Amino acid sequence: MPELPEVEVVRRRIAPLFVGRTIESVRTTRPSYFFLTPPVTLQRRLAGRRATALERIGKYLVAELDDGGRLLLHLGMTGQIFASDAASRRLLTGKRRRAPAQAGPFRPDRHTHLVFGFKDGGPRVLFRDARKFGKVAYLEPGADEPRLTKLGPDALKADGRALYEAFRSRRAKIKTVLLDQGVLAGVGNIYADEALYLARVRPTRRADSLTRAESLAIARAVRRVLMRSIAAGGSSISDYVQPDGQDGSYQETHYVYARTGEPCRRCKTPIRRVVIGQRSSHFCPSCQR
DNA sequence: CACTTCCCCTGCAAGC
DNA sequence: TGCTTGCAGGGGAAGT
């Protein structure tokens, strides 16, 4: 799903539709673990509220509300946030991205867990998530949220020296450590693979085996792939779409992710896939040491 | 603590 | 065509 770049693109696009507008109604699906805060409570707390800012913390979106509370959103693997007037041609899943344009506006389906209606009667904001790995929570004013406070520094600001220090005490594989949101917030499976490729480090290397130079290279590579992906509108692999319904294009630039068996863009060696910590990892056995 | 395994849920592609 | 299996961008809980 959405990693830092996709969440950041969603934030930028959705902020103008969400910030400054008074929420009139909140429609939800039935209670499920998607709702960290029960639907009835969400409705009670959010009706009449107005967001004053929408920020991104790691892969979380956090709306500051005019009562001092906060609205926490996480897209999980398949979360989609979009406007009710978005081009709806491919909001309904898929890998089959050639699907013909769907006529008319998007109709909330059984996977559309949140629909915000506003007092001004303008476009609604919808949150859809087929797998329900996403999350929504209302945080009372001043409430502490461990999910947020546990996060490490933002991956866009990855610092090589700090990473080197963190790596030194970790015996796990570097791929696993990069996915640890407490070390660096925002990197997920795609960008961990892409960054390690650019840094020429194999995902299977133990973190504590990395040199200072390699750590600096990884930090630089992380910043680079994330910035470039944001500029490209994110990676649209299966479900991710921008809030206006358009695909991102960074997947066209991937060096290794989902390119198993295909030639390395640098040396033509077939890209290899291994499983690390239950997640697939892709790398070039020739370029990455 | 650090690390690993399992699990939450749905939809799609590939294989038979 | 239909069934089964494997796989998917995340992360928390519980185990060692």
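Because the structure is a prediction, the values reported are computed rather than measured. Residue numbers start from 1 in every chain, and the chains themselves are labelled A, B, ... in the order their sequence lines are given, proteins ahead of strands.
- Nearer the 5' end of DNA chain C, as judged by each residue's closest nucleotide, is the contact made by A:His282, out of A:His282 and A:Tyr60.
- Judged by the 6.0 Å and 45° rule, A:Arg202 forms no cation-pi pair with A:Phe283.
- Between the side chains of A:Arg200 and A:Gln288, no donor-acceptor pair of N or O atoms lies under 3.5 Å.
- For the residue pair A:Glu6 and A:Tyr191, a side-chain donor N or O sits within less than 3.5 Å of a side-chain acceptor on the partner.
- At C:dA8, one or more side-chain N or O atoms of A:Ser280 fall inside 4.0 Å of OP1 or OP2 (strictly under the cut-off).
- Dashed line: the shortest gap from a side-chain N or O of A:Arg110 to OP1 or OP2 of B:dG11 is under 4.0 Å.
- As rounded to whole Å, 8 Å separates atom P of C:dG10 from atom NE2 of A:His74.
- No hydrogens or angles were tested; on distance alone, nothing pairs the side chain of A:Arg279 with the base of C:dA8 as donor and acceptor under 3.5 Å.
- Nearest nucleotide to the side chain of A:Arg147, out of B:dC9, C:dG12, B:dA2: C:dG12.
- In this structure, A:Leu73 atom CG and C:dG11 atom P are separated by 14 Å, rounded to whole Å.
- Taking the P atom of each, C:dG11 and B:dC12 are spaced 23 Å apart, rounded to whole Å.
- Position along DNA chain B of the nearest nucleotide to A:Gly277 versus A:Tyr33 favours A:Gly277 as the more 5'-ward residue.
- Between the side chains of A:Lys175 and A:Ser281, a donor-acceptor pair is found at a separation under 3.5 Å.
- Going from atom CD of A:Gln278 over to atom P of B:dC7 covers 10 Å, rounded to whole Å.
- Rounded to whole angstrom, the span from the CZ atom of A:Arg273 across to the P atom of C:dG6 amounts to 12 Å.
- Checking B:dT4, B:dC9, B:dA2 against the side-chain heavy atoms of A:Ala172 singles out B:dT4 as nearest.
- Per the geometry, CG belonging to A:Leu75 stands 10 Å off C1' belonging to C:dG10, to the nearest Å.
- At the heavy-atom level, A:Tyr191 lies nowhere under 4.0 Å from the strands shown.
- At the heavy-atom level, A:Lys59 lies under 4.0 Å from the strands shown only through sugar-phosphate atoms.
- Going from atom CD of A:Gln181 over to atom P of B:dA2 covers 16 Å, rounded to whole Å.
- For the residue pair A:His113/A:Thr28, the side-chain donor-acceptor check at 3.5 Å is not satisfied.
- Atom-to-atom, CZ of A:Phe133 to P of B:dT10 comes out at 9 Å; the value is rounded to the nearest Å.
- Remark: A:Arg171 is not in phosphate contact with B:dC3, judged by side-chain N or O atoms under 4.0 Å from OP1 or OP2.
- Using a 4.0 Å heavy-atom cutoff across all strands shown, A:Tyr250 reaches no nucleic acid atom at all.
- Straight-line distance from the CZ atom of A:Arg30 to the P atom of B:dC9: 15 Å, rounded to whole Å.
- Considering only side-chain N and O atoms, A:His111 lies nowhere under 4.0 angstrom from the phosphate OP1 or OP2 of B:dC9.
- Among the nucleotides B:dC9, C:dG12, B:dG11, the one closest to the side chain of A:Arg131 is B:dC9.
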Practice task
Would you check, one step at a time, whether the test side chain to side chain contact (heavy atoms under 4.5 Å, CB included) holds for A:Leu210 with A:Arg205?
Solution key: CA-CA 8 Å; A:Leu210 298 173; A:Arg205 284 275 298 282; 3.4 Å; yes
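- Base pairing of B:dC9 is not made with any nucleotide, judged by Watson-Crick or G-U wobble geometry with both donor-acceptor distances under 3.5 Å.
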